[in-house]
Protein chains: 2
Amino acid sequence: MADLNKLLTPLFLNEGEIRKIIELLFFSYRDFTEGPDKVLEKINFGRAHHRVIYFVGKQNNLTIKELLSILKITKQSLSRVLSQLVNEKYIILSVGEDKRTKKLILSKKGQELEKRLSEIQIKKIRNVLLKFSEMDIYGFKKILYEMVDDESKEKFDEINR
Amino acid sequence: MADLNKLLTPLFLNEGEIRKIIELLFFSYRDFTEGPDKVLEKINFGRAHHRVIYFVGKQNNLTIKELLSILKITKQSLSRVLSQLVNEKYIILSVGEDKRTKKLILSKKGQELEKRLSEIQIKKIRNVLLKFSEMDIYGFKKILYEMVDDESKEKFDEINR
DNA sequence: TATTTAGGTCAGCCATATTGACTTAATTAT
DNA sequence: ATAATTAAGTCAATATGGCTGACCTAAATA
């Protein structure tokens, strides 16, 4: 089975090459989150706050339930982070048409923070991608997309519909 | 400045497209770590244990200091995780030539766990990459590498020398 | 009218990280 | 030979971001 696997696996997909990708994913993700983390620290927020702000900013009038299904955390985990964001007026809650639900939007303050944080990551990515061809970038996105679970793919498609 | 930026930015690098990449990085990294996390949970370990096992397995006779510089965490953080791994005989310590240092290697038990965890990720990546061309994969790796900080690049180069 | 759903809340727990202070033993520099 | 630096370890306190379980309210739906 191992031998068969080796026979069927192209050289550029051997274990060593794949392990390099594992390492690059680790390093790149860590370095990618470092910038916003530093900014967040100054205002006593963490990465979890950024994620909430990010997705609320992306998708106006998100409900709590939808947000939870994107983040895949429990409502108790979200609660602490979200109530801080609401108390400090980064996020505004309103009642939905279904009056059991609540809709989330960013306040102006929230939009400003969102922009400040995401701009760091956007600039970083743009600076990297400028060195590559449109085809490379297209391939990169397609591979990343394929790395995502079916369930998360649905979420991604949903918020980019 | 914003206008100038827009003029100079190719369409496929506009903010919307880059935000998609931000989201794909979030979803893919989360889904990528999910498999090992589940296995680790059963033996009361966490992701931090996997990282230590991974890099010790990669680079035999790593010292504590070198490991810390790869992981970029404090020795106090490493301490808890590492002492568990040593106590439970996944990792074996020995004194280095410089007798202040310690060398880390995986025991057989450690190698087995390393393999079990990494195989999940290796298979996942291989299954994804099989759908792509060698060129796409080469581009993917190069872009990921460019996403990494200079300092981390050095670490990556070091462990893959 | 009964059940389900969306959201909230309290309490306790765990994992992973941090800072700061201090120790020991070995190596290196003066 | 002594002083300074380095590698590693340890203790204590703190923060963040998760989790489970139990329980509540109000609104929508069956």
Side-chain angles (χ1 to χ4, degrees), chain A residues 26 29-31 33-34 36-56 61-88 91-104 117, chain B residues 26 29-31 33-34 36-56 61-88 91-104 117:
Chain A
F26 167 64
Y29 194 76
R30 184 184 64 187
D31 295 345
T33 50
E34 197 195 307
D37 284 355
K38 276 187 197 156
V39 174
L40 289 156
E41 212 189 339
K42 287 181 211 151
I43 51 175
N44 292 307
F45 283 170
R47 200 176 296 176
H49 299 82
H50 186 195
R51 290 202 278 254
V52 170
I53 284 183
Y54 182 91
F55 287 111
V56 173
N61 288 320
L62 211 57
T63 65
I64 305 270
K65 197 196 172 193
E66 286 162 350
L67 181 54
L68 287 173
S69 79
I70 291 171
L71 298 174
K72 279 202 205 170
I73 57 173
T74 60
K75 63 179 173 178
Q76 294 92 325
S77 295
L78 177 60
S79 164
R80 183 177 25 85
V81 169
L82 183 57
S83 52
Q84 280 176 296
L85 288 168
V86 171
N87 286 337
E88 299 183 30
I91 285 181
I92 298 166
L93 296 180
S94 63
V95 178
E97 292 168 47
D98 178 338
K99 283 174 190 164
R100 288 172 306 178
T101 66
K102 287 184 181 169
K103 290 178 171 181
L104 305 170
L117 296 172
Chain B
F26 167 63
Y29 195 76
R30 184 183 65 189
D31 295 344
T33 50
E34 196 195 307
D37 284 354
K38 277 187 198 156
V39 174
L40 288 156
E41 212 188 341
K42 287 181 210 152
I43 52 175
N44 292 307
F45 283 170
R47 199 176 297 176
H49 299 83
H50 186 194
R51 290 201 279 254
V52 169
I53 283 184
Y54 181 92
F55 287 111
V56 172
N61 288 319
L62 211 58
T63 64
I64 306 268
K65 197 198 172 191
E66 285 162 349
L67 181 55
L68 287 173
S69 79
I70 292 170
L71 298 175
K72 279 202 205 169
I73 57 173
T74 59
K75 63 179 172 178
Q76 295 94 323
S77 294
L78 177 59
S79 166
R80 181 186 31 90
V81 169
L82 183 57
S83 52
Q84 281 175 296
L85 288 167
V86 171
N87 286 337
E88 299 183 31
I91 285 181
I92 296 165
L93 296 179
S94 64
V95 177
E97 292 168 48
D98 178 337
K99 284 173 188 163
R100 286 171 306 180
T101 66
K102 287 185 181 167
K103 289 176 170 181
L104 305 170
L117 296 172

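As a basis for the values below, the full set of heavy atoms in this structure was taken, side chains included, without hydrogen atoms, waters or symmetry mates. These numbers come from a predicted model, not from an experiment. Reminder, nothing fancy here: chain letters follow the sequence lines and each chain counts from 1.
Considering CD of A:Glu66 and CD1 of A:Ile64, their distance stands at 10.5 Å, rounded to 0.5 Å. Rounding to the nearest 0.5 Å places CG of A:Leu82 at 7.0 Å from CG of A:Leu67.
Protein atom CZ of B:Phe26 is 13 Å distant from nucleotide atom P of D:dG17, rounded to whole Å. Whole-Å rounding puts the B:Leu104 CG to D:dA7 P distance at 14 Å. Between the CG atom of A:Leu82 and the P atom of D:dG18 there is a distance of 13 Å, rounded to whole Å. A straight line from NZ of B:Lys65 to P of C:dA26 spans 18 Å, rounded to a whole angstrom. When rounded to the nearest whole Å, the span between CD1 of A:Ile43 and P of D:dT16 equals 12 Å. Atom CD1 in B:Ile64 sits roughly 16 Å away from atom P in C:dA26 (whole-Å rounding). To the nearest angstrom, C1' of D:dT16 lies 14 Å from CG of A:Leu85. To the nearest angstrom, P of C:dA6 lies 17 Å from CG of A:Asn61.
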Residue pair A:Ile92, A:Val86: steps toward the side-chain contact (heavy atoms from CB on, under 4.5 Å) verdict: CA-CA 6 Å; A:Ile92 298 166; A:Val86 171; over 6 Å; no
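An end-to-end axis angle of 30° holds for the helix from C:dT1-D:dA30 to C:dT30-D:dA1, taken from five base pairs per end and rounded to 10°.
In this structure, B:Thr101 has no side chain to side chain donor-acceptor pair (under 3.5 Å) partners at least two apart in sequence or on a different chain. B:Glu88 meets the salt bridge (Lys or Arg N to Asp or Glu O under 4.0 Å) test with no other residue; sequence neighbours excluded. Partners of B:Ser69 by side chain to side chain contact (heavy atoms under 4.5 Å, CB included), not counting sequence neighbours, listed by chain and number: B:Lys155. B:Ser79 meets the side chain to side chain contact (heavy atoms under 4.5 Å, CB included) test with no other residue; sequence neighbours excluded. Here B:Arg80 pairs with nothing under the salt bridge (Lys or Arg N to Asp or Glu O under 4.0 Å) rule; sequence neighbours left out. Not counting sequence neighbours, the partners of A:Tyr29 by the ring-ring contact (aromatic ring centres under 6.0 Å, His included) test are B:Tyr29. Residues meeting the salt bridge (Lys or Arg N to Asp or Glu O under 4.0 Å) test with A:Lys42, sequence neighbours left out: none. Looking at residues two or more places apart in sequence or on another chain, you find no salt bridge (Lys or Arg N to Asp or Glu O under 4.0 Å) involving A:Arg30.
The aromatic rings of A:Phe45 and A:His49 sit parallel to each other, their planes meeting at less than 30°, with 60° as the upper class boundary.
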Report, one pair per line, the protein and nucleotides 13-15 of chain C atoms (nitrogen or oxygen only) whose separation is under 3.5 Å.
none

For nucleotides 26-30 of chain D, list the nitrogen or oxygen atoms of the protein found under 3.5 Å from its nitrogen or oxygen atoms, one pair per line.
unit_1	atom_1	unit_2	atom_2	d
D:dA28	OP1	A:Lys99	N	3.2
D:dA28	O4'	A:Arg100	NE	3.4

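A:Ser83 comes within 4.0 angstrom of nothing in the nucleic acid, heavy atoms only.
Surrounding NZ of B:Lys99 are at most 12 heavy atoms belonging to other residues, nucleotides or ligands under 6.0 Å away.
In this structure, A:Leu93 and A:Leu104 have side chains that are in contact, with non-hydrogen atoms separated by less than 4.5 Å.
For the pair B:Thr101 and A:Gln84, both in contact range of DNA chain D, the more 5′-proximal nearest nucleotide belongs to B:Thr101.
Of the residues in residues 70-79 of chain A, A:Lys75, A:Gln76 come within less than 4.0 Å of DNA chain C through at least one heavy atom, sorted by number.
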